[in-house]
Amino acid sequence: MAHLLVTGGAGFIGANFVRRALAADPGGRLTVLDALTYAGNRANLAEVADRIRFVPGDVCDAELVDGLVRDCDVVVHFAAESHVDNSLHDPRPFLRSNVEGTFVLLEAVRRHDRRLHHISTDEVFGSLPLHGSERFTEDSRYDPSSPYSATKAAADMLVRAWVRAYGVRATLSYCANNYGPYQNVEKFLPRQITNVLLGRRPKLYGTGENVREWTHVDDHNDAVLRIVADGRPGETYLIGSGAQWSNRALLELTLSLLGRPVDDYDTVPDRPGHDLRYAVDSGRIRRELGWRPRHPDLPEGLARTIDWYRCNEWWWRPQKDATEARYLAIGR
Ligand code: NAD
Ligand code: TDX
């Protein structure tokens with residue numbers, strides 16, 4: 001079977017992808033390249049450590065990347081700075097990892113004629129009106145609102161140009177918000193779950209009306225595996241479960257699953273440029289590649305995710321205080 005190179009494989013989605021890819025292809029060869037930033041953690045890969053090659057390193061390191069790409073068949077590119085609030089505070093690492101890192105990878109796949117799957121995000125399309133049924137499609141206009149989404153959009157543009165100019169065999173996917181085990185405590189759901197587990201009050205930005213479409217990380221990764229297997233080079237795919245929730249409603253559900261009163265949270269100042277609503281039309285991947293979310297029931301998936309955080313305090317506790325100190329510094 002194909003030898004996969006997974007960049008960012010020690011992060012939330014990447015590490016879940018590595019486990020899923022090995023489950024789908026038990027004899028498969030897989031190499032992870034990860035810079036182990038604050039968001040990367042080798043413990044995320046402990047269960048599969050003896051079945052993969054782990055290379056600590058930066059996607060911007062052209063020499064290292066060239067050798068790894070030469071030795072693999074397919075690159076799945078997750079590595080990125082991924083948190084909007086961090087990007088608002090300090091955009092520079094986002095430009096480097098997300099834009100320059102993608103450029104370095106593209107040059108290597110071009111030199112060695114390797115297949116690339118690039119992981120993008122629905123955030124590159126900006127914000128949908130709060131009240132309405134519109135959804136992003138593969139043809140939506142790019143309209144990023146944060147340094148994070150601007151750098152993801154820039155990376156997508158590079159991938160698209162390398163496909164057209166050099167015939168690079170790349171696919172792109174845009175997934176809505178993910179949730180599940182091993183997600184960094186800076187993100188919405190893990191932040192609130194771990195706050196409650198520590199007896200602290202969750203923090204809701206602004207009015208909490210903003211809507212996100214929540215997809216279980218295993219469903220996102222199943223979709224990526226399908227694209228890697230059967231996706232058409234040059235094609236783009238949107239991935240989403242269809243489960244749209246306002247932040248307020250999702251926080252109330254989280255509190256009730258944790259046995260707390262649903263109004264036991266604080267509101268904090270809103271995120272600047274806060275996108276109102278994300279929702280994607282995932283019709284193409286459903287029709288063309290037969291993908292369906294296997295965990296479409298968000299309350300059920302959230303209950304399992306809460307259990308995971310309850311049982312794995314050893315994993316999230318060491319990051320929690322530094323994360324909250326960063327939030328305190330920006331007033332959220
Ligand atoms: P994450 O922050 O949990 O993990 C990112 C990983 O990339 C970490 O292991 C980090 O060490 C690594 N990394 C960062 N910069 C690197 C560099 N220069 N070189 C090598 N490794 C580097 O992020 P995530 O939530 O798992 O997101 C993974 C990808 O999926 C990102 O490209 C993100 O834009 C995209 N995405 C995320 C979501 C979501 O809801 N989390 C939704 C859609 C798309
Ligand atoms: O404490 C919080 N309170 C709050 O109300 C946090 C951390 C967030 N929020 C809000 C902001 C968003 O409307 O919750 C929503 C979700 O926030 P994040 O988890 O930061 O995700 P988001 O900004 O929507 O981006 C996510 O989805 C798309 C990922 O972090 C990105 O990597 C992905 O591309």
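FYI, side chains are in, hydrogens and waters are out, and symmetry mates aren't considered; it's all heavy atoms of this structure. Counting convention: from 1, in listed order, for ligands and their atoms alike.
The distance criterion of under 3.5 Å between nitrogen or oxygen atoms is not met by Asp122 with respect to ligand 2. The N/O atoms of Thr121, backbone and side chain alike, include none that comes under 3.5 Å of an N/O atom in ligand 1. Residue Glu123 has at least one nitrogen or oxygen atom sitting less than 3.5 Å from a nitrogen or oxygen atom of ligand 2, judged on distance alone. Inclusion of Thr121 in the set of residues having an N or O under 3.5 Å from an N or O of ligand 2 is warranted. In terms of polar-atom proximity, Asn247 is counted as a contact of ligand 2, with an N or O under 3.5 Å from an N or O of the ligand. For ligand 2, one of its N or O atoms has an N or O atom of Ser82 under 3.5 Å away.
Contact annotation for Phe188 and ligand 1: no heavy atom of the residue comes within less than 4.0 Å of the ligand. The backbone of Leu36, and not its side chain, has at least one atom closer than 4.0 Å to an atom of ligand 1 (non-hydrogen atoms only; backbone = N, CA, C, O). At a heavy-atom cutoff of 4.0 Å, ligand 1 is contacted by the side chain of Lys152 but not by its backbone.
One option in Ile13, Val84, Asn177 has a heavy atom closer to atom 27 (O) of ligand 2 than any other, and that option is Asn177. Of all the listed residues (Gly14, Ala80, Gly8), Ala80 holds the heavy atom that lies closest to atom 5 (C) of ligand 1. Here atom 17 (O) of ligand 2 lies nearest to Phe188 when heavy atoms of Phe188, Trp245, Tyr327 are compared.
Less than 4.0 angstrom separates some heavy atom of Gly57 from each of these atoms of ligand 1: 19 (N), 20 (C).
Heavy atoms of Asn177 approach ligand 1 to within less than 4.0 angstrom. By the 4.0 Å heavy-atom criterion, Ala10 is counted among the residues contacting ligand 1. The shell of residues lying under 4.0 angstrom from ligand 2, judged by heavy atoms, includes Gln192. Residue contacts with ligand 1 include Ala176, since one of its heavy atoms falls under 4.0 Å from the ligand. Using 4.0 Å as the threshold, Pro93 has no heavy atom nearer than that to any atom of ligand 1. A heavy-atom separation below 4.0 Å is not found between Thr7 and ligand 1.
If you chain together hydrophobic residues whose side chains sit under 4.5 Å apart, Phe103 and Tyr142 fall into the same group.
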